[in-house]
Participant: 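Below you'll find the structure I mean.
Atoms within each ligand, like the ligands themselves, are counted from 1 in listed order. Because the structure is predicted, anything quoted here is derived from the model rather than measured.
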Amino acid sequence: MVQGFKYHGTNKVFYSKYENGSWQEGILSNSISIELSVLSSAIQYGQSIFEGLKAYRSKDNRILLFRPDANYERFMTSSERLLIPRMTKSYFLDAILKVVDANRDLVPSYESKGALYIRPFIIGTESVLGVRSSETFLFGIVATPVGSYFKDGFQPIRLTTTSYDRAAPNGLGHVKVGANYAASLYPKKLATKDGFDDCLYLDPKTHSKIDETGATNIIGIKGNEMITPQSNSILPSITNQSLQILAKDYLNLKVKKRSIKINELELFDELGACGTAAVITPIKEVYHDGHTYQFDSYVILHKLYNLLQSIQYGDIKEPYGWVYSL
Ligand SMILES: Cc1ncc(COP(=O)(O)O)c(C=O)c1O
């Protein structure tokens, strides 16, 4: 059984190039290594975007993809921000289907509750010296089986706020670019050294409101409300958007997207981190400025978790057209 969120090998990788003004036909390759100029815009100036989605194995052995069209939309928002040329939705989805099909046997069993993690990316490949956009790009998709993101699955985690920012107020926080994750490495290292699982980033302008962690959005439950932060430096999580719909339609919760002051955490009943990799991971502690906010109930979060996973693994049918069956 695969465990943890790490690279566990792959069968085939998809690659295609952008050359002479258009995306070329792609290939499936056996290798995750490529030849790339050390002066490429991706290496020198971080012209690199990516996505993350999962394929799940259902009880009746179908392979299910969760909302790949939403990943396409976000991928295109990221590409526009980094001057990377668009591709059509069908080009993107065809490539995803090719990779999943070529890696079908790597999709973990239904019983294991693992998934095949799919990582589309685009990097600028042209050698540049002055700061400018590349005119050639590589689109790739790697798929590998994974277990849970935080080391113990639905086990509660501990977060700490940090004086560092992962994104600037009008910078790149709302898109999925490599640079955001480079910025999060050092603060995460400091947080884990102090025994926390990750940082909870505050809004970079005032440092008084909650943004998100390095790889997840935040959701809170207060009475019959599900509340999630509104900020332009947060990545719009597809998991979070899906949970907002499920919370309203299945659990009758009022869903609010608004700024959340850090000291408001005192009033929350439950707090969770959500994302494709983390699903919903409950948060038991948030340390901030000498004070620890504590949470010990995860009743609603657990219901949401079960609901989302039942849809993703095909146990219940959803009315939204989110699940693609292969
Ligand atoms: C910074 C950040 N926030 C939130 C998320 C969750 O987004 P999603 O639910 O689309 O995976 C991710 C993961 O992609 C992330 O890297």
Participant: Does NZ or CZ of Lys113 fall inside the cone over Tyr110's six-membered ring, less than 6.0 Å from its centre and within 45° of the axis?
Facilitator: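 That pair qualifies as a cation-pi contact.
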Participant: Which option wins on minimum heavy-atom distance to atom 5 (C) of ligand 1: Ala215, Gly275, Ser184, Ala167?
Facilitator: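 Among Ala215, Gly275, Ser184, Ala167, the closest heavy atom to atom 5 (C) of ligand 1 belongs to Ala215.
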Participant: Do Lys59 and Glu111 sit within salt-bridge range, that is, some charged N less than 4.0 Å from a carboxylate O?
Facilitator: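 No.
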Participant: State plainly whether the residues Arg258 and Glu264 are in salt-bridge range, i.e. N to O under 4.0 Å.
Facilitator: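 Salt bridge: yes.
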Participant: In the hydrophobic clustering (ILVMFWY, side-chain contacts below 4.5 Å, transitive), which residues join Leu190, or is it alone?
Facilitator: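 Tyr164, Tyr186, listed by chain and number.
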Participant: Numbering the atoms of ligand 1 from 1, which are under 4.0 Å from a heavy atom of Arg74?
Facilitator: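 In order of numbering, the contacting atoms are 7 (O), 8 (P), 10 (O).
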Participant: Which residue owns the protein heavy atom closest to atom 11 (O) of ligand 1, what's the atom, and how far is it?
Facilitator: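 I find the closest protein heavy atom is Thr276 OG1, 2.6 Å.
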Participant: Decide if atom CG of Leu129 counts as having more than 12 heavy atoms of other residues, nucleotides or ligands within a radius under 6.0 Å.
Facilitator: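 Incorrect, the count does not exceed 12.
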Participant: Is there any N or O on Cys274 that sits under 3.5 Å from an N or O of ligand 1?
Facilitator: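 The answer is no, given that Cys274 and ligand 1 share no N or O pair closer than 3.5 Å.
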Participant: Using a 3.5 Å distance criterion without hydrogens, assess whether the side chain of Asp101 forms a donor-acceptor pair with backbone atoms of Leu97.
Facilitator: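 It does not hold such a pair.
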Participant: Does Lys256 come within less than 4.0 Å of Glu225, counting only side-chain N to carboxylate O?
Facilitator: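 Yes, charged N to carboxylate O under 4.0 Å.
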Participant: Between Phe92 and Phe75, what is the ring plane arrangement, given parallel below 30°, perpendicular above 60°, and tilted in between?
Facilitator: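 Judged by the thresholds at 30° and 60°, the geometry between Phe92 and Phe75 is tilted.
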Participant: Polar-atom distance check: Glu212 versus ligand 1, any N or O pair below 3.5 Å?
Facilitator: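 N/O-N/O distance below 3.5 Å exists for this pair.
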Participant: Please verify whether a non-hydrogen atom of Gly52 lies at under 4.0 Å from ligand 1.
Facilitator: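 Gly52: no contact with ligand 1 (<4.0 Å).
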Participant: Purely on distance, is any nitrogen or oxygen of Ser237 under 3.5 Å from one on ligand 1?
Facilitator: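 Checking ligand 1 against Ser237, an N or O pair does fall under 3.5 Å apart.
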Participant: Can you confirm whether Glu135 is buried at CD, in the sense that more than 12 heavy atoms of other residues, nucleotides or ligands lie under 6.0 Å from that atom?
Facilitator: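 It does not: Glu135 CD has 12 such atoms or fewer within range.
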Participant: Near Ile238, which atoms of ligand 1 are under 4.0 Å from a heavy atom of that residue?
Facilitator: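 Those of ligand 1 that fall under 4.0 Å from Ile238 are 8 (P), 9 (O), 10 (O).
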Participant: For Thr216, counting its heavy atoms only, list the atoms of ligand 1 lying under 4.0 Å from any of them.
Facilitator: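 Within the 4.0 Å cut-off of Thr216, ligand 1 contributes 2 (C), 3 (N), 4 (C), 5 (C).
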Participant: Which atoms of ligand 1 sit under 4.0 Å from any heavy atom of Tyr181?
Facilitator: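 Checking each atom against Tyr181, I get 1 (C), 2 (C), 15 (C), 16 (O).
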Participant: Tell me which part of Ile234 gets within contact of ligand 1: side chain, backbone, both or neither, using heavy atoms under 4.0 Å.
Facilitator: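 The answer is neither.
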Participant: Between Arg166 and ligand 1, is there a nitrogen or oxygen pair with a distance under 3.5 Å?
Facilitator: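 Among all N and O atoms of Arg166, none is under 3.5 Å from an N or O of ligand 1.
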Participant: Looking at Gly214, which atoms of ligand 1 are within less than 4.0 Å of one of its heavy atoms?
Facilitator: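 Contacts of ligand 1 toward Gly214, numbered from 1: 1 (C), 16 (O).
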